[in-house]
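The structure under discussion appears below in the form of structure tokens.
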Amino acid sequence: QQPVQSPQAVILREGEDAVINCSSSKALYSVHWYRQKHGEAPVFLMILLKGGEQKGHDKISASFNEKKQQSSLYLTASQLSYSGTYFCGTALERSQGNLIFGKGTKLSVKP
Amino acid sequence: KAGVTQTPRYLIKTRGQQVTLSCSPISGHRSVSWYQQTPGQGLQFLFEYFSETQRNKGNFPGRFSGRQFSNSRSEMNVSTLELGDSALYLCASRVLAVSTDTQYFGPGTRLTVL
């Protein structure tokens, strides 16, 4: 039931793009994306609902493919501040409080 | 608005002891969820409280318990600590009123069991 994230880790140079995927074997109601820096709390990035539109702010956007039950997080023109571990949390139902998280994708952006 | 706060930030205990962790949600948020984060297992759901009632429970032994007070503050308790309980314990709060409900995490309590 735990979503599968890929890749597990990625190293980028500043200005490069990256895509992080989150796949579920279950039909999802929503996908929640978080970024966590070492020693800090996970910070909410965005939420995707089934039937909803692609979301985005600044140079980070995400989509949700209901047919594949897969969400993708797109980071364009990466900055040093994008470094951290990205987690997707999935909910099968509306108002579900127990998000099921993937194991995370560690993103390192080098100068 | 102030964010989610958790106390204490760090704890060191020995096996067999018990521990109580505290979480104050964002003002106006009535739901509090607790998660355990370890390098091996990642983020795992413990339980969720809403209006002082446990709404959901994860797959953890009965040594893990929680409660919520009328002001929405929540505590979790772990009794008879084991080495494997060493982890970062995170709480997250949300409004629980809209379909785009977002959980906001606190900084966590780092528990080390010796």
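Chain letters run A, B, ... following the sequence lines, proteins first and then strands; every chain starts at 1. Everything numeric here is computed off the predicted structure, so don't read it as measured data.
With hydrogens and angles disregarded, no donor-acceptor distance shorter than 3.5 Å links the side chain of Gln17(B) to the backbone of Leu81(B). Judged purely by atom type and a 3.5 angstrom limit, Gln6(B) uses its side chain to pair as donor or acceptor with the backbone of Gly108(B).
A 6.0 Å sphere centred on NZ of Lys103(A) holds more than 12 heavy atoms belonging to other residues, nucleotides or ligands.
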Take Arg63(B) and Asp85(B), measure what salt bridge (Lys or Arg N to Asp or Glu O under 4.0 Å) needs, and give me the verdict at the end.
CA-CA 10 Å; Arg63(B) 300 185 295 107; Asp85(B) 296 334; 2.8 Å; yes

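Contacts between Leu43(B) and chain A at a heavy-atom distance below 4.5 Å involve backbone atoms as well as side-chain atoms. Of the two parts of Ile100(A), neither the backbone nor the side chain holds a non-hydrogen atom closer than 4.5 Å to a non-hydrogen atom of chain B. Using a 4.5 Å cut-off between heavy atoms, Gln37(B) contacts chain A through its side chain alone, with no backbone atom that close. In this structure, chain A has no heavy atom under 4.5 Å from any part of Ser31(B). Contacts between Leu46(B) and chain A at a heavy-atom distance below 4.5 Å are absent for every atom of the residue. Phe47(B) does not touch chain A: none of its heavy atoms, backbone or side chain, sits under 4.5 Å away.
Counting heavy atoms from C-beta outward, Ile60(A) and Trp33(A) have side chains that stay 4.5 Å or more apart. The side-chain heavy atoms of Phe64(B) and Trp34(B), taken from C-beta on, include no pair separated by under 4.5 Å.
With chain A as the partner, the residue from Gln103(B), Glu48(B), Arg55(B) showing the most heavy-atom pairs under 4.5 Å is Gln103(B). Each of Ala91(A), Pro42(A), Gly39(A) has some count of heavy-atom pairs under 4.5 Å with chain B, and the biggest count is that of Pro42(A).
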